[in-house]
Amino acid sequence: MLAGAYDATWWERWHKFVEDGAFFNQGGFKPVWFVHVVELWMRLQAVLMPLGWTLLWLALAWLAHWVTVRLVARIGRAPCASSLRNGVVHRDAGRSAYLPVARAEAAATATRRSGRGKATAGAAALTLCSELPSSRLAYRVSVALQVVSILYRVLQGYIVAMGALQFLQLTLWNEPRTAFRSTGRIPSPLCRADWLEAPTAAALEERFRTHWLPEYLQRVQTVQWARARDATELPRGRTRLLLYRASCDGLGNRFAGMLSAFYLAYLSDRAFLVDWSSCASVVHGSLDDLIRPPFDWDARRFLQATGARQHVEGAPAEGGTDVLRAFQSLVGVDGVRRLATAYCRPCPRRRPITDLQTMLCADPRDDDVPVIDFYGTHWSGAVLQHNPALRQRSCARFGVDVFGILARALLQPQEAVQRLADTVRPQLAAADVVVGLQVRRKDSYGISGRMEETMWRCARQVAELHGWQRRQQQQQQRLPDNGSVAQAPPRQRPRVALFIASDHAASREALRHANIPADTDATVVSLDAPLLKTSVQSMQYALAEMYLLSRSDELVISPYSSFGSVAHGWGSRPPWVMLRTGQCMRALSSMPCDVYWFGVQRLPCFDDRMLSSEMVNQEYCYG
């Protein structure tokens, strides 16, 4: 491995293995009951985590002290007794005790009379100081034991102090999960109307597809590929690449990170490269098995066009570490810089994401490092949207809905995925209102059975509300131009289709057989996807479900689920979120929720002028 190359240490891999509950994986999913373990752990972690580590280290310290004392005593031990500075260690029938010399003599006499003392070389009597090692050795042993005792007490105090410090970090000094920055004024919207290059969101999306994306590919992507083919090494002065190595997380996390990486590459005029390596028990298959790339972004093919072919010809390494090493061999270790934006909101220890300060306050076009190694698991493009150096340019080309435009341009499902989605399209097309339900019952942060039933009620009420709004619109369209009152059409209930995407077979069956009133004209539709993460087919089913959710008229999602967040962002649908408090709340924006605003507002470079109305209610997805 090259010096300076970033790779997860064995401790980081083990910590993630334990944190993700991989012990309990069943086809890539955790069982339903694992949710309760996580909930209990989240409530008690501030106490149990410091207490557990403190007790563990105290036990190890005691064991080390016990072994050390025995070794030191063995060094200065006589055949039957060990002399100390002012006493001996008397052993009787396997028991030991420190005794002064006078008491040791009496104990030896008593032992000799009773015959219970240990015999040495056939002698029944316990030998005294005349047969012991020299007084100098005894003195050294005594001093050593005293030093060991003092060090043990100091170590105990240090361990207890560190446990108390960890408790304070997890309770008082930890990064809060919420933030409210008081400015004394109403924040302005993210994009001003005079910045937009087109009057509507649809027009902006069409202009990006037909003009700005092809222009970027011709000016940046094609040029960097040509240089790679013409040179055996990448010239540092002219190389501008952004490498996205997909994390070993779920499909939603990977897509959210990938779209964030492309958005940064686009705004910073860097060629975009992707390494989508499989991860055991989490994601299988290649990116080509899921979507049709609109341009060539494969990092391994890019490297094969250069002199780094030998580094990537074998089996792909998990996490793309072989790709990282290959780029370091081409531009040098210092020519690759890691940019990490991933975070874990429910984790016990939370620290500020310092790399977001670069995305928020610096102009990425001025960064001359040849390769940026981007690591992200959430939509961090919202931070770039608020960067003062990029804000007007981003608004001009994308408006507010950056994620939706990029998702529909880059995530074009493969034919196999389309065929899976087409199996239920007729049922969905026959409905007046399609309400998608993303029910996450398994894995670490799934919902409970009670929350699931609340989701059903929420979905039914959302369908009724949507149908009422549609009837109002139809009635207004039928009003005559002369101002007279038209006769209202007969009241008809809309045909409702509930499309359910769930990781739990029992949830699908429960919703199918739910007591739906006969006069509601509602049907339940699902794909019956295999509940596994260990095959390419299961990944294709998952993407088909995500795609159909994004095409729903209304969407009800589980909290803290990147799968649901990507789905509603892909379709530019403000979702209804099932909160853990038992409430169903409507989002104000189609931007993927659970944005890291609570941490962004604490960055040293954050300015009150960066605050926008789009930052409101975008951190609630945790529920």
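As the structure is a prediction and not an experimental result, all values here were calculated from the model.
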With a 4.5 Å cut-off on side-chain heavy atoms, are [Y] and [X] touching?
{"X": "V496", "Y": "R460", "result": "yes"}
{"X": "L549", "Y": "W570", "result": "no"}
{"X": "P592", "Y": "V566", "result": "no"}
{"X": "L420", "Y": "Y547", "result": "no"}
{"X": "Q461", "Y": "C584", "result": "no"}
{"X": "L339", "Y": "L264", "result": "yes"}
{"X": "E545", "Y": "F563", "result": "yes"}
{"X": "M578", "Y": "T454", "result": "yes"}

Assign the ring pair [X] / [Y] to parallel, tilted or perpendicular, where the plane angle (0 to 90°) is split at 30° and 60°.
{"X": "F262", "Y": "F295", "value": "tilted"}
{"X": "W379", "Y": "F403", "value": "perpendicular"}
{"X": "Y266", "Y": "F208", "value": "perpendicular"}

If you look at every heavy atom in [X] and [Y], which pair is closest and at what distance?
{"X": "L428", "Y": "L548", "result": "CD1-CD2, 4.2 Å"}
{"X": "D275", "Y": "S277", "result": "OD2-OG, 2.8 Å"}
{"X": "P294", "Y": "A409", "result": "CG-O, 3.8 Å"}
{"X": "Q438", "Y": "I557", "result": "OE1-CB, 3.6 Å"}
{"X": "G163", "Y": "T54", "result": "CA-OG1, 3.3 Å"}
{"X": "S590", "Y": "S572", "result": "CB-C, 3.4 Å"}

Decide yes or no on side chain to side chain contact (heavy atoms under 4.5 Å, CB included) for Q601 and L611, but give the supporting numbers first. CA-CA 8 Å; Q601 297 179 46; L611 194 69; 4.2 Å; yes

Using modelled atom types only, decide if a donor and an acceptor are shared between the side chain of [X] and the backbone of [Y] within a distance under 3.5 Å.
{"X": "Q540", "Y": "D289", "answer": "yes"}
{"X": "E554", "Y": "A463", "answer": "no"}
{"X": "R245", "Y": "D373", "answer": "no"}
{"X": "R440", "Y": "Y560", "answer": "yes"}
{"X": "D355", "Y": "T341", "answer": "no"}
{"X": "R441", "Y": "S502", "answer": "no"}
{"X": "H568", "Y": "P574", "answer": "no"}
{"X": "E614", "Y": "L190", "answer": "yes"}

Nearest-0.5 Å distance that lies between atom [atom1] in [X] and atom [atom2] in [Y]:
{"X": "L437", "Y": "W456", "atom1": "CG", "atom2": "CH2", "answer": "10.0 Å"}
{"X": "D296", "Y": "D298", "atom1": "CG", "atom2": "CG", "answer": "6.5 Å"}
{"X": "W576", "Y": "L465", "atom1": "CH2", "atom2": "CG", "answer": "6.0 Å"}
{"X": "F255", "Y": "M546", "atom1": "CZ", "atom2": "CE", "answer": "6.5 Å"}
{"X": "S535", "Y": "Q537", "atom1": "OG", "atom2": "CD", "answer": "6.0 Å"}
{"X": "E415", "Y": "R292", "atom1": "CD", "atom2": "CZ", "answer": "7.0 Å"}

When you compare the side chains of [X] and [Y], does any donor N or O come within less than 3.5 Å of an acceptor on the partner?
{"X": "Y244", "Y": "S260", "answer": "no"}
{"X": "E452", "Y": "S507", "answer": "yes"}
{"X": "S286", "Y": "D288", "answer": "no"}
{"X": "T377", "Y": "D249", "answer": "no"}

Quick one, R408 with S550, criterion side chain to side chain donor-acceptor pair (under 3.5 Å). Give me CA distance, side-chain angles, the key distance, then yes/no. CA-CA 10 Å; R408 290 186 289 275; S550 72; over 6 Å; no

One pair to check against side chain to side chain contact (heavy atoms under 4.5 Å, CB included): R425 and R551. What are the steps and the verdict? CA-CA 11 Å; R425 279 185 187 274; R551 298 301 185 266; 5.6 Å; no

For a side chain to side chain contact (heavy atoms under 4.5 Å, CB included) check, start with the C-alpha distance between R573 and S552, then their side-chain angles and the critical distance, and finish with the verdict. CA-CA 8 Å; R573 301 283 197 276; S552 301; 5.8 Å; no

Is the shortest distance from a Lys or Arg side-chain nitrogen in D322 or R300 to a carboxylate oxygen in the other one below 4.0 Å? yes

Does the distance from a Lys or Arg side-chain N to an Asp or Glu carboxylate O, for R419 and D422, drop under 4.0 Å?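 So R419 does not pair with D422 through a salt bridge.
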
Verify whether the ring centers belonging to F167 and W53 lie closer than 6.0 Å. no

Go through R338 and L324 one step at a time and tell me if the side chain to side chain contact (heavy atoms under 4.5 Å, CB included) criterion holds. CA-CA 10 Å; R338 184 176 176 85; L324 176 61; 5.9 Å; no

